[in-house]
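So the structure is just underneath, and the comments pick up after that.
Note that this is a predicted model, so its numbers are computed, not measured. Atoms within each ligand, like the ligands themselves, are counted from 1 in listed order.
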Amino acid sequence: MANKQFDVVVIGGGPGGYIAAIRAAQLGFSTACVEFEAFADPKGEVRLGGTCLNVGCIPSKALLRSSELYDEANHAFVMHGISADGVKMDVGTMIRRKDNIVTQLTSGIKGLFKKNKVTLLAGRGSFAGRENELWQVQVTAKDGGSEVVDAKHVIVATGSSPRHLDGIPVDNAVICDNVGALAFDSVPKRLGVIGAGVIGLELGSVWKRLGSDVTILEALPDFLGGADAAVTKEAWKVFTQKQGLKINLGVKINAVKKGKHGVAIEYDMGDGAFTLEVDRLIVSVGRVPNTAGLGADNVGLKIDERGRIDVNDHCQTNLDNVWAVGDVIRGPMLAHKGMEEGVMVAELIAGQAGHVNYDTIPYVIYTHPEIAWVGKTEQQLKNQGIEYRVGQIPFLANGRALGQGDTIGFVKMIACAKTDRVLGVHVMGANASELIAEAVVAMEFGAVAEDIARICHAHPTLSEVMHEAALAVDKRALHF
Ligand code: FAD
Ligand code: NAI
């Protein structure tokens, strides 16, 4: 019997993959998406949405919200005259709420596949060969059964997995990566985290707010190296002094020993040797691209020196009609970046002018206050010898922020000294994740700071701080 044939076969059903599949189908291509992972589906059925929906962005934000409310009830209600004695957290309910959100969204993607006529092929996808200008993709199901389908185009979107360290056995019960850390059944009294990156800060914040004594061990001597120095300086103060996260920098982990009562982490810092004893440990030291088992060697698919699929600016691999998007290729490991690439590739296959502007991808860290930025940091501009002007306005000067009781942080806008073009915007504060969208739109349209300064912003809103920062670039802030 002849193999089933599709115009486009996408391998991987995470944000990069499912969006590529939906867009390809919208453009009229017969499209299939291969996914093998059930994640924690109670019926063992394949789940779409990848890391992001199942064990990443969405569940972490659900837990962040629950823990924020608990923290507010304990610490912020009082300033409004509300007493809330004896506030309790039922971790089981919090985790079930998170699981329900995940189920709702992942089954929603299955609905979108039906609506757009994308065929879901349940199994692990790998390259089997090429014949008559068609790629053969083998789909191996969990029960061992397999079929081969033919594809004119293949989009690889196999994502990434947590990086584990030698000698630190992750069991996702006591020593956890993101999967276990999103499913604790109780609040650990003492929580250790290896890696003060995005996951370490977000999940460290969740369990700290719920009452854990959290210690984060970070290898690098600097905190949040990729962010603007003004943000990292303020964030360090807020997280360590105000919120009580213990963050140790410049740490070298020597041994991790699991005992009856938790985990002992032996490490060096400065001239000293230390042991940290905790009930649970999260290992969040970055992620590695998923290329194993993909059959890359069968067809000569080029993998770069860092284990990622090698692609050009348009996500084309070294093979004809084979594309790759998302965490499995270069660039930041962010869901929205993968989704944009998925759309771009589908449109390029259709002969359209698909395009991703890598210079305007926003970054967000969902701590409280949130941190968000787009474009260049001041350090990067200095290193590149570009002259710039800065406008920085604190939320403390904003009526809405005061009303909300959320006055920590600032908006910092950096514009070219010669052209006034916005080069970077850095926000630390409540709702930074939403506020940054204005800066992204401005930069995408090539705005100058003066453009933002001349836009009418609703009053009273936090967005007025963005407005004031734009005015401040020209030293004419009105409220500060
Ligand atoms: P993935 O989401 O990893 O999906 C890849 C899919 O391919 C998986 O479902 C996998 O099972 C499947 N697959 C792999 N190999 C095969 C194969 N051979 N055959 C079939 N299927 C295969 N990003 C943000 O932008 N914002 C956030 O707030 C955010 N929070 C995060 C929080 C955590 C705790 C973590 C871990 C990540 C977070 N991320 C966040 C990152 C985000 O989840 C990833 O960037 C995003 O999921 C990458 O999408 P992707 O489609 O490339 O890969
Ligand atoms: P990360 O790259 O953000 O941080 C890892 C940290 O671990 C780094 O600071 C690194 O220096 C440190 N580290 C590495 N090896 C170490 C060692 N041996 N000992 C001590 N520290 C060590 O990676 P993280 O937090 O695991 O997250 C993975 C990815 O997931 C992120 O890069 C990001 O792309 C994505 N993500 C995005 C989120 C968002 O957009 N809000 C939230 C969570 C994850």
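One option in G159, P332, P289, G56 has a heavy atom closer to atom 53 (O) of ligand 1 than any other, and that option is G159. Distances from atom 23 (O) of ligand 2 to the heavy atoms of G197, G286, P362, G250 show the closest one on G286. For atom 9 (O) of ligand 2, the nearest non-hydrogen atom from the set K252, E370, E218, R287 comes from E218. With atom 49 (O) of ligand 1 as the reference point, the heavy atom nearest to it among P15, G326, G123, G125 is part of P15. Across the listed options P59, G331, A157, G12, A157 owns the non-hydrogen atom lying nearest to atom 5 (C) of ligand 1. Which of P162, C57, G338 comes nearest to atom 42 (C) of ligand 1 through a heavy atom is settled by distance: it is C57.
Counting heavy atoms closer than 4.0 Å to ligand 2, residue V251 contributes nothing at all. Contacts between T51 and ligand 1, counted as non-hydrogen atom pairs separated by less than 4.0 Å, involve both the backbone and the side chain. By the criterion of a heavy-atom distance under 4.0 Å, the side chain of R287, and not its backbone, is placed next to ligand 1. For I199, heavy-atom contacts with ligand 2 shorter than 4.0 Å involve the backbone as well as the side chain.
Scanning all protein heavy atoms for the shortest distance to atom 16 (C) of ligand 2 gives V285 CG1, 3.5 Å. In this structure, the protein non-hydrogen atom closest to atom 5 (C) of ligand 2 is S284 O, 3.5 Å. Summary of contacts: the protein heavy atom closest to atom 33 (C) of ligand 2 is M333 O, 3.5 Å. Scanning all protein heavy atoms for the shortest distance to atom 19 (N) of ligand 2 gives I194 CG2, 3.6 Å. The protein non-hydrogen atom at the shortest distance from atom 13 (N) of ligand 1 is F36 CE2, 3.5 Å. Looking at atom 7 (O) of ligand 2, its nearest protein heavy atom turns out to be G195 CA, 3.3 Å. Of the protein's non-hydrogen atoms, G14 CA, 3.4 Å is the one closest to atom 4 (O) of ligand 1. Looking from atom 41 (C) of ligand 1 to the surrounding protein, the closest heavy atom is M333 O, 3.6 Å. Protein heavy atom nearest atom 39 (C) of ligand 2, with residue, atom name and distance: V364 O, 3.3 Å. Counting only heavy atoms of the protein, atom 15 (N) of ligand 2 lies nearest to R163 NH2, 3.1 Å. Atom 38 (C) of ligand 2 has V198 CG1, 3.4 Å as its closest protein atom, hydrogens excluded (heavy atom only).
Checked by distance only, ligand 1 and L182 stay at 3.5 Å or farther apart across all their nitrogen or oxygen atoms. Residue E35 places at least one N or O, backbone or side chain, under 3.5 Å from an N or O of ligand 1. Considering both main-chain and side-chain atoms, L334 comes within under 3.5 Å of ligand 1 through a nitrogen or oxygen pair. For V328, no nitrogen or oxygen atom sits less than 3.5 Å from a nitrogen or oxygen atom of ligand 1, counting backbone and side chain alike. Looking at H336 next to ligand 1, an N or O pair under 3.5 Å apart turns up. In terms of polar-atom proximity, K61 is counted as a contact of ligand 1, with an N or O under 3.5 Å from an N or O of the ligand. Polar contact with ligand 1: present for C52 (N/O pair, distance under 3.5 Å).
The shortest side-chain heavy-atom distance between I365 and W373 falls under the 4.5 Å cut-off. A 4.5 Å side-chain heavy-atom check between R209 and Q243 finds every atom pair outside the cut-off. Between F395 and P369, every side-chain heavy-atom pair lies at or beyond the 4.5 Å cut-off. Side-chain contact check for R130 versus D320: some heavy-atom pair is nearer than 4.5 Å. Inter-residue side-chain proximity for L348 and Q316 is flagged as unmet; no heavy-atom pair is nearer than 4.5 Å.
Against a heavy-atom cut-off of under 4.0 Å, N178 is close to the following atoms of ligand 1: 34 (C), 36 (C). Atoms of ligand 1 lying under 4.0 Å from at least one heavy atom of F39, given by number and element, are 9 (O).
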Can K376 and D359 be said to form a salt bridge (charged side-chain N to carboxylate O under 4.0 Å, His left out), step by step?
CA-CA 9 Å; K376 303 276 189 217; D359 293 335; 5.4 Å; no
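In this pair, F274 and Y267 present their aromatic rings parallel. The plane angle is below 30°, not in the 30 to 60° band.
The pair R47-E35 does not count as a salt bridge, with every side-chain nitrogen at least 4.0 angstrom from each carboxylate oxygen. Under the 4.0 Å criterion applied to side-chain N and carboxylate O atoms, D185 and R280 are assigned as salt-bridge partners. In this structure, E341 pairs ionically with R330, as a charged nitrogen and a carboxylate oxygen lie closer than 4.0 Å. A salt bridge is defined here as a Lys NZ or Arg NE, NH1 or NH2 lying under 4.0 Å from an Asp or Glu carboxylate O, and R190 with D279 meets this definition.
In this structure, Y366 has a heavy atom closer than 4.0 Å to ligand 1. In this structure, G13 counts as a contact residue of ligand 1, since one of its heavy atoms falls inside 4.0 Å of the ligand. Residue-ligand proximity: S160 is placed with a non-hydrogen atom under 4.0 Å from ligand 1.
Contacts classified as salt bridge (Lys or Arg N to Asp or Glu O under 4.0 Å) and involving residues 225-238 (residues at least two apart or in different chains) are given here: D228-K412, E234-K237.
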